[in-house]
Amino acid sequence: MLAREAAGTPVIDLMHDAPRCDPRPAAHLLAALAPWFPAGTIFVAVVDPGVGTRRRPLVVEADGRWFVGPDNGLLDVVSARAEGVRWWCIDQAPASDSATFHGRDLFAPVAAAIARGESVPGHAVEPEFAPGTDADLAEVIYIDEFGNAMTGLRGRPDAPGGLAIAGTALAAARTFADAAPGEGLWLVNSIGLVEIAVNGGSAARRLSLAIGSPVAPQGQPGKHA
């Protein structure tokens with residue numbers, strides 16, 4: 001759909017394995033990934049268990065970047081952390097009769113229209129998100145194929161302290177190899193989030209981690225507000 005409706009516009013497949021049916025952790029992933037892209041970038045963000053229902057379809061402009069997706073919390077964190085943010089509710093109907101594929105039939109065509117320089121096909125609405133939405137999330141939000149577990153905590157490479165998860169205390173490290181083989185650790189990963197890992201192994205398997213597993217900072221491994 002994007003290739004047809006916005007021909008010549010570069011398209012990057014950022015990720016297809018965000019937490020399924022769970023906009024809350026996905027919102028923190030999106031907020032961590034978005035700053036790596038320049039102003040004017042358009043994100044089509046779809047973690048949408050309520051597809052086809054009365055939940056609103058949104059366009060959000062946050063610090064010069066555009067986000068198109070459902071109003072289910074997925075766009076709230078990036079909105080709450082932005083210095084400047086505007087929201088629109090999309091008015092146009094999906095391009096086809098599919099009630100369960102708004103990523104293709106509604107959000108992608110709207111993103112393509114914005115890429116072509118057209119006006120947002122919707123009406124302006126006030127941003128709505130709960131107080132504290134900009135805070136970090138002390139939970140596992142993503143597990144990669146190696147078993148490394150990203151959390152919703154933003155980190156600092158020079159942060160002291162430890163971290164506890166699944167009843168296990170972990171020390172800070174700069175790289176995986178700073179820990180002994182088979183030893184657990186936490187570090188600040190490539191997108192600035194605190195990540196749980198095991199040198200040469202799977203933290204998810206070793207610690208029985210899943211999306212939503214709580215993390216207990218000890219000291220200051222990251223920013224929490």
Short side-chain to backbone donor-acceptor contact, [X] and [Y], under 3.5 Å:
X    : Y    : answer
N199 : E183 : no
T133 : F129 : no
D22  : P19  : no
D63  : G84  : yes

Do you know the tightest heavy-atom contact between [X] and [Y]?
X    : Y    : result
P25  : L137 : CA-CD2, 4.4 Å
L187 : R174 : CD2-O, 4.2 Å
L207 : A166 : O-CB, 3.5 Å
L30  : A45  : CD2-CB, 4.1 Å
L74  : A26  : CD1-CB, 3.7 Å
A34  : V78  : CB-CG2, 4.4 Å

Self-check item: Derivation and outcome, side-chain contact (heavy atoms from CB on, under 4.5 Å), residues V110 and V59
Solution: CA-CA 8 Å; V110 168; V59 173; 3.7 Å; yes

Applying the 4.5 Å side-chain criterion to the ILVMFWY set and letting contacts propagate, would [X] and [Y] be lumped into a single cluster?
X    : Y    : answer
V51  : L106 : no
V188 : I165 : yes
F107 : V120 : yes
V125 : V60  : yes
L193 : L209 : no

Practice problem: Scan residues 66-78 for pairs that pass side chain to side chain donor-acceptor pair (under 3.5 Å), counting only residues two or more places apart or in two chains. | Solution: R56-D71

Distance-only criterion, 3.5 Å: show the donor-acceptor pairs between side-chain atoms of residues 145-153 and protein atoms not counting sequence neighbours.
from	atom 1	to	atom 2	distance (Å)
N148	ND2	D144	OD2	3.2
T151	OG1	L153	N	3.1
T151	OG1	V194	O	2.9

Exercise. Evaluate the side-chain proximity of H102 to V46: yes if any heavy-atom separation is below 4.5 Å, no if none is.
Key: no

Quiz item: Are W87 and V85 close enough that some pair of their side-chain heavy atoms sits under 4.5 Å apart?
Solution: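 They are in side-chain contact.
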
Practice problem: Step by step, work out the side-chain contact (heavy atoms from CB on, under 4.5 Å) result for I12 and T41. | Solution: CA-CA 10 Å; I12 297 173; T41 299; over 6 Å; no

Quiz item: Is there any ring-ring contact (aromatic ring centres under 6.0 Å, His included) pair reaching into residues 22-42, and which pairs are they, with sequence neighbours excluded?
Solution: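 Listed once each, the pairs are F37-F43.
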
Working to the nearest 0.5 Å, report the span between [atom1] of [X] and [atom2] of [Y].
X    : Y    : atom1 : atom2 : result
F67  : L75  : CZ    : CG    : 7.5 Å
I143 : E195 : CD1   : CD    : 10.5 Å
L2   : R104 : CG    : CZ    : 12.0 Å
L29  : I141 : CG    : CD1   : 4.0 Å
L170 : L185 : CG    : CG    : 7.0 Å

Which residues pass the salt bridge (Lys or Arg N to Asp or Glu O under 4.0 Å) test with [X], not counting sequence neighbours?
X   : result
R65 : none
R86 : E61
R24 : E139

Quiz item: With the threshold set at 4.0 Å, does a side-chain nitrogen-carboxylate oxygen contact exist between D48 and R55?
Solution: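 Answer for the salt bridge query: yes.
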
Quiz item: Would you say E118 has more than 12 foreign heavy atoms packed within less than 6.0 Å of its CD?
Solution: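 Counting other residues, nucleotides and ligands, CD of E118 exceeds 12 neighbours.
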
